[in-house]
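Model, not experiment: these values are computed from the prediction. Letters A, B, ... mirror the listed sequences (proteins, then strands); counts begin at 1.
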2 protein chains.
Amino acid sequence: MARGSTRPTSRDVAQAAGVSQAAVSLVLGDKWRGRVSETTAERVREAARELGYRPNLAARNLRLGRTRTVLLVVPALTTEFFAGVYTGAARVAAEHGFGVVLYPSPEGVGPARDPFASAQAALDGVIASSMAADALSAIRGDQLPLVMLDSDPSGSLGVATVNLDITDGVRQVAEHLLGLGHRRFLHLAADVPSWTFEVRARELAVRVGEVPGTSLRTAHAPISIEGALAAAEAALAAPGPGPTALVCDDDKLAAGAYKALRRLGLRVPDDVSVTGLDDLALATAIDPELTTVRLDAELFGERGMQALLAVLEGRTPEAGDIPVELIVRGSTGPPRAS
Amino acid sequence: MARGSTRPTSRDVAQAAGVSQAAVSLVLGDKWRGRVSETTAERVREAARELGYRPNLAARNLRLGRTRTVLLVVPALTTEFFAGVYTGAARVAAEHGFGVVLYPSPEGVGPARDPFASAQAALDGVIASSMAADALSAIRGDQLPLVMLDSDPSGSLGVATVNLDITDGVRQVAEHLLGLGHRRFLHLAADVPSWTFEVRARELAVRVGEVPGTSLRTAHAPISIEGALAAAEAALAAPGPGPTALVCDDDKLAAGAYKALRRLGLRVPDDVSVTGLDDLALATAIDPELTTVRLDAELFGERGMQALLAVLEGRTPEAGDIPVELIVRGSTGPPRAS
DNA sequence: CACTTGAAGTGTTACGTATAACGCCCTCCG
DNA sequence: CGGAGGGCGTTATACGTAACACTTCAAGTG
C-alpha cells in the first residue's frame, strides 16, 4: 500500500518484514539453509504473500546473465506435427523452470528476417528443426548452445542432434509391403529439403532393391492435399504397369493420393495399397483408415529439450534415435493377383 | 577482441568508436536527430557491426520497464485452429517489434500451475482464449492488460474482447440446409465450455425454430474423431425418424460423424447431409469433401494482437466481429424424398 | 579469560541499458 | 565585445535483483 500503483519490489517486501533486501532474496530464492532463521524466513514469506510480490524477471535475468528461456525454431506451426514438438519441448522445459519461445519460419510470421528480433526475450539456447533452414544462418551467428532436430548427425560436427529412427520406419514399411507381396512401388516424396526425407528416399531404395523383381518410382509433391493429388494423378497416369503400393512421406500426401486414386477409379487397398508418415488425426479420418508410421512428435520435442538442457549443464546429451512404429490399418493389403 | 568470450556491450562499442556509451545508445536507438553528427553516428554503427554487438534485452527490459512480449493463453496447441491463431498473433506482433510467448493449458504442458512460471519472460500483456478457462483465474490476479478471445462481450466488463461472427455462421448454415429442404436436424455439439459453442447452440435453435414443422435434437461429444463416432452412433440409433442433416461444431466431429453414418449404412449426402466448423485440412481430405463454416484462425489471432496493442497504447480496440464464411462442398444436398 | 566458531543478518556492488541534465565550443547578432 | 543559442556530445543515475564480503552477537573451548 505504500507506493501506490507500481508493483512491489523485493525492497518493499524487506521493509514490510523488517529485514534487508538481501534477506528477502535469500529466503525467496531458497538459499537460506543456515543463513536465516526459520521464524524470520516465515515473516518474509508472509510479507511477500501479503504484498503480492512477484520478482521482476527482467532484473533477475540481467543479474544472472541467463534467462531460462530457449528458442524453438520450426517451420510454419500450422502442422500438427510441429505443434506436438512444441508441446513436448514446453512440457520438459516447464518441469525444469524453463520457458520456450517459438520462431516459426518467416513465411508464417511475416517480414521479420531476424529470429532474435521476433523473440524479444533474451535466450539461453536454441532448438532448431532443419526444415527451417532459412533461419539457420542467422542463428549460427550467435554462438548460443544449439540442438538440431532432424539433421545429418555427421554433418554439423559438434552440434547435438536429435533424430527419429527413420531408417527403422522405412524398414518396417518395406517389410510390411514386401511381405504382402508388393513389387511395384511409387514413392510419393515430400518436396521439402529435410534429413528425414533424404534418409527415407535412400533407405527405401535400398530395402526395395534387396528383393529381385521389384521396381521403385518416385514422384515429388509439396506437403498438401491438393499438391499430392496433382502429383499422384500425374505419376499414376504414366504408361506401363502401375504401382501396387504407394509409399507417402506424409499423411497429407496419402490423403491426396486417396483422392487421385478415387478419380482414376482405383480402390484402396484392393487395387493399390497406401502408407503414410506421421499418424496425424487425418489418418483415422479418411476411409479406409491409413496404415502409417507413427512419429511421436511430443517425444521428439521432449528429447530435443532434454538434449539442450544437457548441453546447458555441460553434460553429454543422451544418444540414440527415437523409435517409430508402423501402425497397420485398412489401407494396405495384398496386391491384386495379376 | 578486447575481452575474450563474453558478448560485447554498448560500452565496448563506445570504446571502439571512441565515444561515450550514451552516444551508442542514442545512435542505435535512432534517437540522435540533432544530437550526434552523421559521421560519428556512422562510426558507431560501423563499430557495432564490427563487434557483432547485440543489445542485452534483459537490461533494456529492466531499464524501460516493459518487454514488448505478450502471453497467448490457448488450449492444447495440437489443434490446427489455435496454431493458426498463434501464427496470426505472432505475425502482427513481429510487425510491431513484439514477441509472443505461449501458454498452452496445463494438460498439454504438464504440472505447471502458474502460467507466469512457464513463461519466464516478463510480460506486457495477455491474450487469452476463453477455452483455457482453468488458467484465467491466475491471470486475473496480475492486472496486466488483457484481451479475451471468444468470450461473452457483455460478461467481462471493461475487458476487450474479440469474437468470430458465430451468429452469422449459424445463419448461413441454417439457411443453406433449410433452403435445401431439410427439416429434421441433429446438432453434434462440442463438449467444451466456450462462448462460441454456447452461441451456436442458442442461435441454431432460434433459426430452426423459425420454420414450422422442424425438429432439432442435440448430442454432445468431445472434440475428437472417436468421441464423435461414438456420440453420433448413439444419437442416430435413437427411435423415431432420423435426422436428415447433421450440424457439427467442429470438422473433427464431422469426420467422426462420417464414420458413424458409414457404419449404419447411410450415405453422405444422399441419406444425411453433414456440416462442420473450422475448415481444417481435414475438411477436404474426407470423402465427400465437407461443407463447413470457415473460421479464419490467423485473422482471429491478428485481431487479438491488434486489440492488445491498442489497449497497450491507450487506444480503443477496433470493434466488430470477424466475418465467417460458409464453404459449400459435397457433404450437403437435398434430403431424400420420403 | 582470550579466542574461535557459527548463526543471523546487513551493506554494497555489478549486471547493461536509456535518458535527463549538464557542458563546451563555435557562430551570430545586437 | 558580450551573451544567446545551436550543434555535439558526455556524465550521472536508476531500473530490481543476486551474491560476495563483512559485521554483530552469543555460545563454546582450552
Can you tell me if S151(A) uses its side chain to pair, donor with acceptor, with the backbone of S130(A) under 3.5 Å?
-> no
Under 3.5 Å: donor-acceptor pair, side chain of R68(A), backbone of H96(A) | yes
List the atom of V159(B), the atom of T161(B), and the distance in Å for their closest heavy-atom pair.
->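 Scanning both residues, the minimum pair turns out to be O-OG1, 3.2 Å.
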Check the distance between [N]'s [atom2] and [X]'s [atom1] and give it to me in whole angstrom.
X	N	atom1	atom2	answer
N61(A)	dC15(C)	CG	P	16 Å
R66(A)	dA18(D)	CZ	P	10 Å
R7(A)	dG16(D)	CZ	P	10 Å
N56(A)	dT17(C)	CG	P	17 Å
Y53(A)	dG16(D)	OH	C1'	7 Å
K31(A)	dA7(C)	NZ	C1'	17 Å
D12(A)	dC15(D)	CG	P	11 Å
L57(B)	dC15(C)	CG	C1'	14 Å

Base, sugar-phosphate alone, or nothing: which one does L62(A) contact when heavy atoms must sit under 4.0 Å apart?
->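 Since a base atom lies under 4.0 Å of L62(A), the category is base.
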Any side-chain N or O of [X] less than 4.0 Å from the OP1 or OP2 oxygen of [N]?
X	N	answer
T40(A)	dG9(C)	yes
S37(B)	dG7(D)	no
R60(A)	dA18(D)	yes

Would you indicate which nucleotide in dC15(C), dT17(C), dA21(D) comes nearest to any side-chain atom of R35(A)?
->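 Taking heavy atoms from C-beta onward, the closest nucleotide is dA21(D).
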For a quick test of your reading: what N or O donor-acceptor pairs under 3.5 Å do the side chains of residues 306-323 of chain A make, sequence neighbours left out?
{"from": "E313(A)", "atom 1": "OE1", "to": "R315(A)", "atom 2": "NH1", "distance (Å)": "2.3"}

Between R11(A) and E38(A), which has a closest nucleotide on DNA chain C that is more 5'?
-> E38(A)
Where along residues 14-30 of chain B does a heavy atom come under 4.0 Å from DNA chain C, residue by residue in number order?
->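 Hits under 4.0 Å, by residue number: Q21(B), A22(B), S25(B).
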Taking NZ, NE, NH1 and NH2 as the nitrogens, is one of them in E42(B) or R49(B) under 4.0 Å from a carboxylate oxygen of the other?
-> yes
With no hydrogens and no angle check, do the side chains of D150(B) and S129(B) hold a donor and an acceptor under 3.5 Å apart?
-> no
Taken to the nearest 0.5 Å, the spacing of Q21(B) CD from L26(B) CG works out to 9.0 Å
Where each residue is assigned the nucleotide of DNA chain D containing its nearest heavy atom, which of L64(B) and V36(B) is assigned the position nearer the 5′ end?
->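 Result of the comparison: V36(B).
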